[in-house]
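Worksheet for the structure shown next.
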Amino acid sequence: MKILLFYMGYIPGQRYGGPVTSMYHFSEMFGEEIDVKIVCKDHDFLKKNRYEDIDDGWNSVGKAKVLYLDDSRFNKKEFELIIDTEMPDVIYSSSIFLAELTLPLLTIAKKKRIPMILAPRGELSIDRIRSKWWKKIPYLWMLRTRNMLKGIKIQATSQAERDDIINRLGVETGNIFLVENIPCTRAFKENINKKSGTLRIVATSRIQKKNNQLYSIKLVNQLKSNIFFDIYGPKEDPDYWAECEKEIKKAPKNVKYTYRGVLPLTEIEKVYLQYDCLLHPTHSENYGHVIVEALCHDCPIVISKGTTPWDSVQDEGAGYCCAINDESYFIDSLEKIAQMNNEQYMQLVDNTRRYTNKLHMDVIKKKYRDMFEKTIKLYNK
């Protein structure tokens, strides 16, 4: 089976967010049994410089082959040429609202009668719709009134996203596959040596208001234990990061901050294993890749309640889930982890492992394969 996957960016890009993580985990899971090829731009988001160390033609990136196009070639004519050459069994695109990508692919897929799957990746949530709604609502209306999604299959990664797809796109339920995002591979901490009164915290998201790093810093500045807080992520909002830096300067002597730059996907395993917990009081997440990545690498989580699919983490004793406006509960949760001795912390890590085991990797893998096989079968009826 050959899957041709399209998106604006991919590794080594650092500014394209969750869809790149989804694509990477997909290619790593299936790359040895499915021919996975990815088409993207040759530069990072809001940048113009071509990535270093990439070649013309197909590049090996992990278990996928990647074709990097400059802006002049990122168009319908080039997409059609690539599709004619590669003859994929399925076109798989990680966006609805990227019109320069989505509209040409919809046209080509229908013209050439190639099965196509669209994955909105949270684009249809109410929070995302509110951003630039004056452009997005007319665009969705155009997709619906012109029947541009007729025969196209849509992937929902959660029940909430499935409801959004039905409400916003008017797609029949039979054309929607509910298939979760693929978690990352597992890795385990060895020789855990947690000391009571000390806490190593990590944050790994793009630095912007949605991910609430400023709130995290304000919380950490109120902790009484010895704290080491390392922050990873591209500085997408320089003004917001400037606010964060002002708050960092207010840190008491027991708190030490370090900005570590951008966390490459290929370095995830090495990084998460170094920390006692992830702090991620996000305002909203469709999936929350950073949460799952932390859990899969023995890093318990402290997250905001009702903003991600992972509220059950506290019920399973694998971390803490706190109301976004309840600073005291966030602080108490972090202090509880800080005060844990090695035996208590190992129990928390064991709970994290049991919780992660419930992600059912084999089941998710089967759902993806079924989605592709059924899409091909239904399209060729």
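Reckoned from all heavy atoms, side chains included, excluding hydrogens, waters and symmetry mates. The first residue in the sequence is number 1, and the count goes up from there.
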Closest non-hydrogen atom pair between C299 and D276, with its separation: SG-C, 4.3 Å
Audit row: K111, E80, salt bridge (Lys or Arg N to Asp or Glu O under 4.0 Å) steps and yes/no: CA-CA 10 Å; K111 173 183 173 183; E80 190 164 0; 2.8 Å; yes
E236 bridged to R15 by N-O distance under 4.0 Å: no
Single-linkage hydrophobic cluster, 4.5 Å side-chain cutoff, I301 and I227 together: no
CG on L199 to CG on N254, rounded to 0.5 Å: 11.5 Å
Check ion pair R260-D230 (N to O, under 4.0 angstrom): yes
Residues, nucleotides or ligands: over 12 heavy atoms within 6.0 Å of K256 NZ: no
Heavy-atom side-chain contact between V90 and I114 under 4.5 Å: no
Least distance between heavy atoms, Q208 atom then D237 atom: CA-CB, 4.4 Å
Pair D298 + K194, salt bridge at N-O below 4.0 Å: no
pair M23-S94: side-chain heavy atoms closer than 4.5 Å: yes
Short N-O contact, E243 and K246, less than 4.0 angstrom: no
Residues S125 and D127: side-chain donor-acceptor under 3.5 angstrom: no
Pair Y257, N221: side-chain N/O donor-acceptor within cut-off below 3.5 Å: yes
Between Y16 and K41, a side-chain donor and acceptor under 3.5 Å: no
E100/K76 salt bridge by N-O under 4.0 Å criterion: no
Check ion pair E373-R369 (N to O, under 4.0 angstrom): yes
Same apolar cluster (I L V M F W Y, side chains within < 4.5 Å links), V292/L279: no
Pair Y275 and F228, ring centroids less than 6.0 Å apart: no
Separation of S196 OG from Q344 CD (nearest 0.5 Å): 7.5 Å
Co-membership, hydrophobic cluster, residues L5 and I82, 4.5 Å side-chain: yes
Residues that K63 engages under salt bridge (charged side-chain N to carboxylate O under 4.0 Å, His left out), provided they are two or more places apart: E32
F97 side chain near K132 side chain, heavy-atom distance below 4.5 Å: no
Residue K112 excluded, over 12 heavy atoms near NZ under 6.0 Å: yes
Aromatic plane relationship, Y215 with F330 - under 30° parallel, 30 to 60° tilted, over 60° perpendicular: perpendicular
side-chain contact (heavy atoms from CB on, under 4.5 Å) between H297 and F188, intermediate numbers included: CA-CA 6 Å; H297 295 93; F188 302 99; over 6 Å; no
Spacing of CG belonging to L67 relative to CD1 belonging to I54, to within rounding of 0.5 Å: 9.5 Å
D71 and H43: side chain donor to acceptor below 3.5 Å: yes
Heavy-atom pair with the smallest gap, counting every atom of G31 and V36: CA-CG2, 4.4 Å
Residues E123, K136: salt bridge by 4.0 Å N-O rule: no
Heavy-atom pair of closest approach, residues L101 and Y7: CD2-CA, 3.7 Å
Pair K305 + D311: basic N to acidic O under 4.0 Å: no
Pair E327 + K218: basic N to acidic O under 4.0 Å: no
Donor on one side chain, acceptor on other, D350 and T352, under 3.5 Å: no
Exercise: identify the closest heavy-atom pair between G197 and S225: O-CB, 3.4 Å
Enclosure of F45 CZ (heavy-atom neighbours >12, cutoff 6.0 Å): no
Atom CE of M148: over 12 foreign heavy atoms under 6.0 Å: yes
Between Y232 and Y259, ring centroids under 6.0 Å: no
Same apolar cluster: L348 and L273, side chain cutoff 4.5 Å: no
Passing option when C321 is tested against I303, D315, V302 for side-chain contact (heavy atoms from CB on, under 4.5 Å): I303
R206 versus P234, closest heavy-atom pair with distance: CG-CG, 3.6 Å
Spatial distance of atom CD (E285) from atom OG (S304) [nearest 0.5 Å]: 8.0 Å
Flag side-chain contact, heavy atom, 4.5 Å: P300 against Y355: no
Hydrophobic cluster membership, M116 vs L103, 4.5 Å side-chain cutoff: yes
Criterion side chain to side chain donor-acceptor pair (under 3.5 Å) on Y272 and E267, from CA distance to verdict: CA-CA 9 Å; Y272 280 110; E267 298 292 317; over 6 Å; no
Ring geometry between Y329 and Y320 (parallel below 30°, tilted from 30 to 60°, perpendicular above 60°): perpendicular
Donor-acceptor pair between N212 and T282 side chains, under 3.5 angstrom: no
From I152 atom CD1 to I117 atom CD1, the distance as rounded to the nearest 0.5 Å: 10.0 Å
Distance-only side-chain donor-acceptor flag, R354 / N351, under 3.5 Å: yes
F177 six-ring centre to K374 NZ/CZ under 6.0 Å and within 45° of normal: no
Sub-4.5 Å side-chain heavy-atom contact between K153 and M371: no
Criterion ring-ring contact (aromatic ring centres under 6.0 Å, His included) on F26 and Y10, from CA distance to verdict: CA-CA 13 Å; F26 169 75; Y10 194 59; over 10 Å; no
Separation of K135 NZ from L140 CG (nearest 0.5 Å): 12.5 Å
Close side-chain approach of D42 and L69, heavy atoms under 4.5 Å: no
Chi angles and distances behind the side chain to side chain donor-acceptor pair (under 3.5 Å) call for T173, N175: CA-CA 5 Å; T173 56; N175 287 327; over 6 Å; no
Atom CD of E190 with >12 non-hydrogen neighbours under 6.0 angstrom: no
Parallel, tilted or perpendicular: ring planes of H25 versus H289, cut at 30 and 60 degrees: tilted
Donor-acceptor side-chain pairing of K65 and S60 below 3.5 angstrom: yes
Geometric class of the F79/F6 ring pair [parallel <30°, tilted 30-60°, perpendicular >60°]: perpendicular
Cationic N near anionic O, under 4.0 Å, E86 to K2: yes
